[in-house]
Protein chains: 2
Amino acid sequence: MARERKIDMVILGLLSHEDLTGYDIKKRIDGAISFFWKGSFGNIYPALKDMEDQELITKKDISSSGREKIAYHITRRGKKVLGDWLKDEQASNELRYETLLKLFFGGVQDKKVSVRNIEVFEEQVRGDLELLKEYAKTLKNSLDDEDHLYFYLTVTFGIDSYEAYLKWCAKAKKLLA
Amino acid sequence: MARERKIDMVILGLLSHEDLTGYDIKKRIDGAISFFWKGSFGNIYPALKDMEDQELITKKDISSSGREKIAYHITRRGKKVLGDWLKDEQASNELRYETLLKLFFGGVQDKKVSVRNIEVFEEQVRGDLELLKEYAKTLKNSLDDEDHLYFYLTVTFGIDSYEAYLKWCAKAKKLLA
DNA sequence: ATTTGATATATCTGTTTGATATATTAGCAC
DNA sequence: GTGCTAATATATCAAACAGATATATCAAAT
């Protein structure tokens, strides 16, 4: 069965706004998107090749002098595929938190080890939360721009859940003390 | 570079409590652990083979009549590896939420599509939250049992974040209305 | 002049996912 | 007791993904 390759949708989504090179796409994914989805050169470049074969995107050589540069543009077929995916109600939402895994098996070690693991997690979250709050502050004043609105929604998702994480951290440390 | 295979740690963690077959391990992972980590036969069975070669686990044939059955037991070396992983402070915590991806690119479609995607997410979360609350209710009365305590902590993490998700869903739908 | 870091391409190895294949056993309906 | 179905139990395969690496250009600072 030909499984649906999710990276295709990420790329089509990005290309629906502007033409981009593979490298640009990677940078965009590493930005705000990375809070809820990741991508690597190892799947971006093959996906671009495949999608060009399927005529979901077209490429244009925009090399300047020695530097090779290929920009990709979404086709009508590509927009159709993106739209169908958006309208498809099923969505896989997965957490992959090594910290929780370590906590689950925490009984193997001294409680201090678990407390320390929670503290490390707490620091990570605190840092990311600050970043997200910066985003939110900037976006909040331009929610009439539709793209900003959708971006803002994903950012507030991050803020709300990270704040819940921090509250949990405090409770968890107390229970282990 | 020999990357650390996370499924190894899940398996060692489970085997640190009791001897299990590959099938048992899969069932355990599909239970409460699946909220924060997944596993499949496709990586469990190869991992068991490798870890036996590395003498982190030993196998024992417990077949009865025709049915082939192999139980695995953790070795001292295995316990060492598990302990080292628990003490290692670095941990990768990743969200992979297709719903947020769809929302991020929501501008491509009518707002109703995004609202519907949030509603579907909301239903998923509500269902999982109920399950987690069941777990919590049972565990809460036996927190002096260390294993229950650690299990309880991961469960409350789920409850707290899912409750934050639901609040966000309400806000997000309002903003899109 | 040179070194560093960012840009830009692409591939490789290993890991994980999801589906499939194969066969046994237990429980239930008829 | 026969046949059906679901659960048990093994294992493999293709596709997708992650992370590292290779190669080379370009811009900017030293």
Side-chain angles (χ1 to χ4, degrees), chain A residues 1-11 19-31 33-34 36-54 59-72 85 90-98 101, chain B residues 1-11 19-31 33-34 36-54 59-72 85 90-98 101:
Chain A
M1 204 67 212
R3 248 190 308 158
E4 190 182 15
R5 191 168 44 178
K6 298 289 164 64
I7 192 66
D8 290 5
M9 302 306 138
V10 182
I11 294 173
D19 292 357
L20 295 168
T21 68
Y23 188 78
D24 289 332
I25 289 166
K26 170 73 168 132
K27 272 195 298 181
R28 294 283 189 292
I29 296 175
D30 284 347
I33 291 177
S34 70
F36 50 87
W37 209 271
K38 298 260 189 318
S40 67
F41 290 128
N43 64 347
I44 292 170
Y45 282 110
L48 286 169
K49 209 168 272 181
D50 289 352
M51 289 198 292
E52 207 220 333
D53 290 344
Q54 296 162 49
K59 73 172 167 190
K60 191 170 28 167
D61 191 306
I62 54 164
S63 304
S64 56
S65 58
R67 164 65 54 84
E68 190 183 11
K69 216 172 161 184
I70 306 155
Y72 289 90
W85 168 71
Q90 68 185 139
S92 86
N93 296 308
E94 281 177 34
L95 217 61
R96 201 174 306 189
Y97 276 21
E98 197 175 355
L101 204 50
Chain B
M1 204 70 208
R3 247 189 310 157
E4 189 183 16
R5 192 167 44 178
K6 299 290 163 63
I7 191 66
D8 290 6
M9 301 307 137
V10 182
I11 294 173
D19 292 357
L20 294 167
T21 67
Y23 188 78
D24 288 332
I25 289 166
K26 170 72 167 129
K27 273 195 297 181
R28 292 283 189 291
I29 296 175
D30 286 345
I33 291 178
S34 70
F36 50 86
W37 210 271
K38 298 262 189 318
S40 68
F41 290 128
N43 65 348
I44 292 170
Y45 283 110
L48 287 170
K49 210 169 273 181
D50 290 352
M51 288 199 293
E52 207 220 331
D53 290 343
Q54 296 161 48
K59 73 174 168 189
K60 191 171 27 167
D61 191 306
I62 54 165
S63 304
S64 55
S65 58
R67 165 63 55 84
E68 190 183 12
K69 216 171 161 181
I70 306 155
Y72 290 89
W85 168 72
Q90 69 185 137
S92 86
N93 295 307
E94 281 177 35
L95 216 62
R96 200 174 305 190
Y97 276 20
E98 198 175 356
L101 203 50

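First the proteins, then the strands, lettered A, B, ... as listed; each starts at 1. From a predicted model like this one, the values you see are computed outputs, not experimental measurements.
Residue-level contact check: A/Lys6 touches the backbone only, with heavy atoms under 4.0 Å from sugar-phosphate atoms and none from bases. Using a 4.0 Å heavy-atom cutoff across all strands shown, B/Gly42 reaches at least one base atom of the nucleic acid.
Side chains of B/Arg96 and A/Phe36 form no contact here, defined as non-hydrogen atoms less than 4.5 Å apart. Between B/Val10 and B/Ile44 the shortest side-chain heavy-atom distance does not fall below 4.5 Å. Looking at heavy atoms from C-beta onward, A/Lys69 lies out of side-chain contact with A/Asp61 at the 4.5 angstrom threshold.
Considering only side-chain N and O atoms, A/Lys27 lies under 4.0 angstrom from the phosphate OP1 or OP2 of C/dT7. Distances shown here put a side-chain N or O of B/Thr21 below 4.0 Å from the OP1 or OP2 atom of D/dT10. OP1 or OP2 of D/dA11 has not a single side-chain nitrogen or oxygen of B/Tyr45 nearer than 4.0 Å. An OP1 or OP2 oxygen of C/dT11 is reached within less than 4.0 angstrom by a side-chain nitrogen or oxygen of A/Lys49. Taking 4.0 angstrom as the limit, B/Arg5 places none of its side-chain polar atoms (N or O) nearer than this to OP1 or OP2 of D/dA18. Proximity of B/Tyr23 to the phosphate of D/dT10: no side-chain N or O atom is located under 4.0 Å from OP1 or OP2.
When distances are taken from the side chain of B/Asp24 to each of C/dT16, D/dA9, D/dC17, the shortest belongs to D/dA9. Each of D/dA11, C/dA10, D/dA18 was ranked by its minimum atom distance to the side chain of A/Ile70; first place goes to C/dA10. Side-chain atoms of B/Glu94 lie closest to D/dG19 of the nucleotides D/dT10, D/dG19, C/dT11. The nucleotide whose nearest atom lies closest to any side-chain atom of B/Lys69 is, among D/dA9, D/dC17, D/dA20, D/dA9. Residue B/Pro46 places its side chain closer to D/dT12 than to any other of D/dT12, C/dT17, C/dT11.
A donor-acceptor pair under 3.5 Å is absent between the side-chain atoms of A/Asp50 and the main chain of A/Ala47, judged by distance alone. When atom types are taken as modelled, the side chain of A/Glu98 and the backbone of B/Ser92 share a donor-acceptor pair closer than 3.5 angstrom.
What separates NZ of B/Lys59 from C1' of D/dT10 is a distance of 11 Å, to the nearest Å. Rounded to whole Å, the distance from CG on B/Asp61 to P on D/dA9 is 13 Å. Between the CG atom of B/Asn43 and the P atom of D/dC13 there is a distance of 16 Å, given to the nearest Å. The distance between atom NZ of B/Lys26 and atom C1' of C/dT20, rounded to the nearest whole Å, is 14 Å. Going from atom CG of B/Asp30 over to atom P of D/dA9 covers 14 Å, rounded to whole Å. The CG atom of A/Asp50 sits 17 Å away from the P atom of D/dA14 (whole-angstrom rounding). Rounded to whole Å, atom C1' of C/dA10 lies 12 Å from atom CD1 of A/Ile44. Atom pair A/Ile11:CD1 and D/dA16:P shows a separation of 12 Å (rounding to whole Å applied).
When each of A/Ser40 and A/Glu68 is assigned the nucleotide of DNA chain D bearing its nearest heavy atom, the one mapping closer to the 5' terminus is A/Ser40.
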TODO: Might you work through the side-chain contact (heavy atoms from CB on, under 4.5 Å) test for B/Asp24 and B/Tyr72, ending with a clear yes or no?
DONE: CA-CA 10 Å; B/Asp24 288 332; B/Tyr72 290 89; over 6 Å; no

